[in-house]
Amino acid sequence: MILDLRTLLSILPDSKCFGLGGEERFDRLDIAYLKQFESSPDAEMILYFCVYEETPEKDGWYKQPFDRSLNIAKMKAETRTVFMVDGKVRDEQLEGARYIRVRNIYDAIDLIRQYILGQVRPRVIGVTGSVGKTTAAALVQHVISRRF
């Protein structure tokens with residue numbers, strides 16, 4: 001699903017844009033690091049979320065603290081990337097970058113998630129068990145992709 005800037009701003013009305021022209025269309029929302037998406041040669045425009053977790057033992061899923069804003073300096077040169085940040089990221093870190101500033105990055109992600117699920121209305125198939133989940137999920141995806 002393509003998410004254009006105008007739609008994004010309607011979902012996040014309190015956000016502020018810097019360095020954007022208004023016609024941007026994001027075909028990849030990069031919210032979490034996944035090795036298989038380390039490089040995205042096929043993506044035209046990436047919205048990179050500078051999420052962080054400072055106290056993982058208390059807050060969530062990860063064993064080590066992390067801060068994706070530490071990647072801004074090396075990623076600024078990538079012309080396809082627009083950053084989404086909240087107050088944790090200083091304006092100086094973003095000098096020369098295109099970005100969208102929101103009050104709380106996690107609230108913004110939740111609003112975007114709600115919007116996309118409302119538009120797409122996906123069907124969910126759960127696969128459980130001790131052995132064969134990956135194979136079963138791949139088979140289900142293959143069969144469904146033949147029809148849809």
(Q) Less than 6.0 angstrom separating the ring centers of Phe83 and Phe18, yes or no? (A)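 Not close enough - the centres of the two rings lie 6.0 Å or further apart.
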
Give the cluster check for [X] versus [Y]: same hydrophobic cluster or not, with ILVMFWY residues linked at side-chain heavy-atom distances below 4.5 Å.
| X | Y | answer |
| --- | --- | --- |
| Leu20 | Val89 | no |
| Met75 | Leu70 | no |
| Ile109 | Leu117 | no |
| Val85 | Tyr52 | no |
| Ile31 | Leu5 | yes |

Rounded distance (nearest 0.5 Å) linking atom [atom1] of [X] with atom [atom2] of [Y]:
| X | Y | atom1 | atom2 | result |
| --- | --- | --- | --- | --- |
| Asp27 | Glu44 | CG | CD | 5.5 Å |
| Arg25 | Leu8 | CZ | CG | 13.0 Å |
| Cys50 | Asn71 | SG | CG | 7.5 Å |
| Ile72 | Gln93 | CD1 | CD | 5.0 Å |
| Ile105 | Leu12 | CD1 | CG | 10.0 Å |
| Ile100 | Ser15 | CD1 | OG | 6.5 Å |

(Q) Per the side chain to side chain donor-acceptor pair (under 3.5 Å) rule, what does the pair list look like for residues 113-122, sequence neighbours excluded? (A)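 As it turns out, the side chain to side chain donor-acceptor pair (under 3.5 Å) pairs with a partner in residues 113-122, which skip direct neighbours, are Asp110-Arg113, Asp110-Gln114.
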
Q) Looking only at atom types and distance, does a side-chain atom of Ser145 sit under 3.5 Å from a main-chain N or O of Gln141, one as donor and one as acceptor? A) yes

Q: Could you tell me whether the side chain of Glu95 and the main chain of Glu92 form a donor-acceptor pair under 3.5 Å?
A: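 No; judged by distance alone, with no hydrogens or angles, the pair does not exist.
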
Q) Taking all atoms of both residues into account, what is the closest heavy-atom pair of Arg101 and Asp86, and its distance? A)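 Result for this residue pair: NH1-O, 2.8 Å.
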
Q) Looking only at heavy atoms, what is the nearest atom pair of Met1 and Ile116, with distance? A)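 What the structure gives for the nearest pair is SD-CG2, 3.9 Å.
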
Q | Residues Phe26, Val82; criterion side chain to side chain contact (heavy atoms under 4.5 Å, CB included); working and verdict | A | CA-CA 9 Å; Phe26 304 101; Val82 173; 3.7 Å; yes

Check: [Y] and [X] side chains under 4.5 Å, non-hydrogen atoms:
| X | Y | result |
| --- | --- | --- |
| Tyr48 | Arg68 | yes |
| Val51 | Phe66 | yes |
| Ile125 | Ile144 | yes |

Q) Are Glu23 and Arg6 ion-paired here, with the side-chain N under 4.0 Å from a carboxylate O? A)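 Yes.
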
Q | Ion pair check, Glu54 and Lys88, cut-off under 4.0 Å | A | yes

Q.
Among Leu29, Asp30, Val102, exactly one meets side-chain contact (heavy atoms from CB on, under 4.5 Å) together with Phe49. Which residue is that?
A.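 Only one of Leu29, Asp30, Val102 forms a side-chain contact (heavy atoms from CB on, under 4.5 Å) with Phe49, namely Leu29.
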
Q: Start with the C-alpha distance between Arg98 and Glu24, add both sets of side-chain angles, then the distance that settles side chain to side chain contact (heavy atoms under 4.5 Å, CB included), and finish with yes or no.
A: CA-CA 11 Å; Arg98 296 179 300 166; Glu24 289 79 6; 4.3 Å; yes

